[in-house]
Structures are given as structure tokens and as C-alpha cells.
Amino acid sequence: MEQTTLPPALAEIRDDFLALGVRDRLQLLLEFSNELPALPERYADHPDLLERVEECQSPVFIFVEVADGVVHLFATAPAESPTTRGFASILVQGLAGLSVQEVLDIPADYPQSLGLAEAVSPLRVRGMTGMLARTKRQLRERVAA
Amino acid sequence: MSAEFDSAAKFAEYAHPERLVSTAWLAEHLGEPGLVVVESDEDVLLYETGHIPGAVKIDWHTDLNDPVVRDYVDAEQFAALLGSKGIARDTTVVVYGDKNNWWAAYALWVFTLFGHEDVRLLDGGRDLWIAEGRELTTDASDVTPVEYPVVERDDRAVRAFKDDVLAHLGNPLIDVRSPEEYTGERTTAPAYPEEGALRAGHIPTAASVPWARAAAGDGTFKSRAELDAIYRDEVGLADGDDIVAYCRIGERSSHTWFVLQHLLGFENVRNYDGSWTEWGSAVRVPIVTGAERGEVPGR
């Protein structure tokens with residue numbers, strides 16, 4: 001992975017995870033899960049605007065907004081799916097304030113760099129990879145429109 | 001030492017009532033010596049958000065699967081895992097989990113591969129426990145590690161491999177996946193990666209019985225009469241049948257395996273854990289698409 005292209009917030013999240021042992025990484029993921037903000041009302045009332053992330057076993061929905069060139073990612077997943085919520089929360093926090101190009105430049109394998117394969121299993125981490133890929137695809141669509 | 005059985009009237013109707021306990025029974029017996037409660041969920045973090053007091057966590061992926069080979073842990077790994085959770089060979093284990101005990105049944109099935117004798121499911125699982133307002137805690141459980149013997153896994157009785165299934169064709173097969181997976185429709189958009197299998201459809205002659213049909217609205221198992229109506233009357237299973245159940249990776253079919261083996265009393269039931277992710281990618285195995293079961297191919 002080219003570390004030079006990784007936005008500071010995502011790099012910090014990665015370093016935080018890698019600084020911990022396997023068990024504590026799970027706890028940190030749980031903290032992220034608890035920090036996932038609720039959807040703003042304009043999306044809470046319009047579930048049709050949200051895109052389901054099929055790569056996740058749990059129902060998780062995302063929506064990407066671009067305002068003044070800045071990306072905002074919104075995500076929602078049930079409380080019964082804390083791992084999925086944690087993945088979404090990492091992306092919501094890590095992408096906050098980035099430009100469209102900065103988000104498109106995030107390496108596709110960023111989720112694999114967090115050291116979660118052992119704590120969570122590679123199969124589950126794939127859900128986050130799908131979330132990132134869909135976020136980028138939505139962004140390209142927004143920019144093209 | 002094993003805990004007493006739950007004598008609930010509903011369970012007495014099943015072939016093996018000793019395989020289930022009710023939430024009321026568990027609340028009454030929590031903390032008893034010789035009893036360990038295990039939570040096993042789809043979501044690896046759900047236990048951390050709150051669990052039954054004293055329960056330990058066993059994760060299907062990080063604890064029960066071998067990290068490299070597509071197989072379950074071996075005898076040494078299983079012994080180390082159970083010992084670390086305070087489970088001895090004669091401990092009564094009650095497993096519960098999310099989603100109608102889907103993953104709990106999977107864990108119970110893996111315990112069965114290693115011949116752990118007294119392993120039961122909490123009828124209704126995690127959701128019913130919560131719905132009844134029973135206690136959850138995020139406190140770490142106090143576990144005293146014990147010795148668990150190294151016992152070789154026996155894959156013959158309740159596990160089927162691909163070649164076993166090929167040889168089995170002509171005998172009852174239960175496909176417990178969703179109807180869309182059974183017929184071979186694609187439900188995801190073409191541009192999206194679909195993990196798993198290269199071909200869609202079902203194994204010839206398999207009957208479609210989505211696993212969750214065995215569960216009632218509150219996550220408990222349906223009554224004996226209701227289950228008989230599905231599996232005997234509708235599907236046509238009969239005493240003495242040799243049955244194989246499968247799904248995508250063998251988890252949902254563990255739930256059906258539990259129903260057939262322990263609740264309805266079929267004696268020869270195997271779970272094909274390779275399931276569709278193996279069958280749907282294997283070269284030259286027969287596949288049927290559409291809603292019909294299909295015929296046994298000529299050999």
C-alpha cells in the first residue's frame with residue numbers, strides 16, 4: 001500500500017488498530033461501532049435513497065453526499081450487527097472532510113491493513129472492502145451526474 | 001457431572017428433549033457447577049455488547065474454523081479452546097446465539113463432531129432471552145480453565161463431504177437456502193462481486209425447505225406436530241431415511257440438522273458443510289435450476 005496517499009485520519013485509525021493486541025482490536029472496533037452517528041432525518045425518512053451493501057451478511061445501507069467538493073458518507077446498520085456498524089463507522093470517520101479525489105485514491109485494500117483478519121476473520125473484513133468499493137462507485141456516479 | 005434436564009412439556013414431544021432448555025430453565029440454573037453457557041453469534045462483536053451473565057463466547061469463524069485449510073479445528077485446538085472456556089468433557093454445555101440460534105446450532109454441530117456428549121440449545125436463543133427482559137451484562141465472565149481431553153474428530157456420522165453427496169444421490173437431500181438461491185436466480189446486480197460459487201441452482205432431487213421454517217416467530221423451535229407437517233408430510237421424509245442437508249457453507253443446515261436429528265429423531269442425518277460454495281464451483285457435478293427438484297442423473 002502506498003502510505004503517502006492515505007489520508008491522515010485513515011492512517012491514524014490504522015495505526016491505532018495495529019498498536020493493539022488482537023483482543024483489544026475487537027474492543028476498539030466496538031468503540032467505533034458505538035460511535036456510528038444516526039442518519040440525518042432526510043435519509044432516515046427515505047430508506048429508498050440508501051444502497052444496501054450486499055457483501056455484508058448484516059443489513060447495512062450507505063449513502064454518499066458531495067457538498068462543496070467535500071464527501072459525506074452516511075451509513076446505518078442495526079444494533080445487532082456491531083461488527084458491521086464498526087466497519088461503517090471507521091469509514092464515516094476516516095472519510096470525513098475528504099475531497100472526492102482523496103476518497104477515490106484510498107487504496108482498495110485499506111480494510112485489510114487494519115490487522116482485523118485474526119480478530120474478526122478475513123471473510124468478515126470483506127464486508128468493509130465492499131462498503132469502501134460501493135462508496136467510491138457512488139462517488140463516481142455523483143461526480144459524473 | 002451433568003445438569004438436570006428441562007422437563008418442559010413442549011420439549012417432551014421431541015425425540016430428544018434433553019437437547020433443549022428453555023430460557024426459564026437457564027435463568028434458574030445459571031452458575032451451577034458443571035454447566036457452561038456458550039454464546040455463538042453471526043456477529044463476532046455481539047457478545048461484547050452484552051451477554052448472559054457468566055456465558056463464554058465461541059466464534060464460529062475465529063474459534064471453530066481452521067485458519068488455513070477449509071476445515072474445522074483439530075483435536076488439539078478443540079481441546080485447548082474448550083479447556084480455556086472452562087469446559088470439561090463431562091460439562092453440560094448450553095449454546096445460544098442470534099438469528100434463531102443459527103450459529104449456535106452450528107457450534108453445537110461442531111461439538112458433536114468431537115463427541116461432546118451433553119450439549120444443548122437454548123430454545124429461542126439470544127433474542128428470546130432479551131425479549132423476556134432477562135439479564136445481560138458486559139462484565140467479563142469469570143472462567144477457570146480446565147483440562148479438556150484431546151479427542152479426535154469423527155467426521156463419519158454427522159458430516160458429509162462432496163463425494164459422499166454424489167454417492168448419496170437418490171436419497172433425501174434438503175436444501176435449506178432461500179428460494180432464490182435454490183432456483184438459481186441471481187439476486188445481486190451483475191456489476192457486484194458475489195462471493196462463493198460459480199454456478200447457481202441446487203443439487204438434483206434436493207427438496208427446498210428454507211431453514212428458518214423450523215423456527216416460530218419468537219425464535220423458538222416450532223412444535224413437534226408443526227415440524228412433522230413440514231419434514232414428513234410435505235417433504236416426504238420417513239423413518240430410516242438417510243438424509244443430507246446443505247446450505248451455502250453449512251451453517252444454516254446445522255440448524256436443520258439439529259431439527260431432523262434431535263427434534264424429529266431421524267438417526268442418519270448428515271450436514272454437508274462444503275455446501276453450495278463447494279458444489280456450485282466444483283467441476284462436472286450435476287446441478288438443477290428452477291423450482292423443480294430434478295432427477296437423479298444417470299451414472
Side-chain angles (χ1 to χ4, degrees), chain A residues 17 21-36 51-60 62 77-90 108 111 115-138 140-141, chain B residues 39-51 56-70 73 84 97-100 102-103 106 125-131 136 138 140 177-178 180-181 186-196 219 247-252 277:
Chain A
F17 271 105
V22 169
R23 192 178 290 257
D24 289 330
R25 284 177 199 171
L26 218 48
Q27 280 303 322
L28 181 56
L29 186 60
L30 184 60
E31 284 171 32
F32 273 103
S33 171
N34 292 332
E35 289 166 6
L36 182 67
E51 172 179 352
R52 167 139 195 194
V53 181
E54 303 282 353
E55 291 84 357
C56 287
Q57 290 174 329
S58 316
V60 52
I62 60 164
E80 297 75 36
S81 307
T83 300
T84 303
R85 287 177 60 87
F87 290 161
S89 181
I90 288 171
L116 286 171
E118 201 184 332
V120 166
S121 89
L123 189 77
R124 285 169 171 140
V125 172
R126 246 194 258 171
M128 187 173 172
T129 310
M131 237 180 264
L132 178 60
R134 280 163 191 270
T135 300
K136 290 189 187 186
R137 201 206 67 245
Q138 279 198 18
R140 284 189 206 101
E141 289 168 5
Chain B
E39 174 160 345
S40 216
D41 299 315
E42 175 178 296
D43 194 299
V44 66
L45 267 178
L46 192 54
Y47 169 90
E48 276 79 4
T49 68
H51 53 82
V56 296
K57 165 175 134 178
I58 290 185
D59 182 64
W60 66 279
H61 225 292
T62 57
D63 289 324
L64 297 177
N65 282 3
D66 184 277
V68 179
V69 177
R70 185 173 173 190
V73 291
S84 74
D98 59 354
K99 314 216 160 161
N100 300 342
W102 165 351
W103 302 94
Y106 187 67
R126 180 182 167 95
D127 289 345
L128 184 62
W129 183 271
I130 293 172
L136 289 184
T138 52
R177 299 171 302 158
S178 64
E180 293 78 9
E181 290 170 284
R186 290 272 172 180
T187 51
T188 48
Y192 298 141
E194 188 172 345
E195 65 174 45
C247 58
R248 215 174 55 84
I249 57 170
E251 10 67 270
R252 285 173 285 182
T277 50

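Predicted model only: the values in this text are computed from it and were never measured.
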Note to self: Can you list everything that forms a side-chain hydrogen bond (donor to acceptor under 3.5 Å, both in side chains) with A/Thr83? Sequence neighbours excluded, please.
What the structure shows: B/Asp43
Check: Can you name the closest pair of heavy atoms from A/Ala119 and B/Val44 and give their distance?
Finding: O-CG2, 4.0 Å
Next item on the list: Just jot down the salt bridge (charged side-chain N to carboxylate O under 4.0 Å, His left out) partners of A/Arg25, sequence neighbours excluded, or say none.
Entry: none
Check: Between CD of A/Glu80 and CD of B/Glu42, what distance do you get to the nearest 0.5 Å?
Finding: 11.5 Å
Note to self: Test of understanding: with salt bridge (charged side-chain N to carboxylate O under 4.0 Å, His left out), list the residues that count as partners of B/Arg252, not counting sequence neighbours.
What the structure shows: B/Glu181
Next item on the list: Rounded to the nearest 0.5 Å, what's the gap from CG on B/Leu45 to CZ on A/Arg85? Could you check?
Entry: 11.5 Å
Next item on the list: Tabulate, in ascending numerical order, the residues of residues 27-36 of chain A having at least one heavy atom closer than 4.5 Å to a heavy atom of chain B, or enter 'none'.
Entry: A/Gln27, A/Leu29, A/Leu30
Checklist line | Residues B/Asp59, A/Arg124; criterion side-chain contact (heavy atoms from CB on, under 4.5 Å); working and verdict | finding: CA-CA 12 Å; B/Asp59 182 64; A/Arg124 285 169 171 140; 2.9 Å; yes
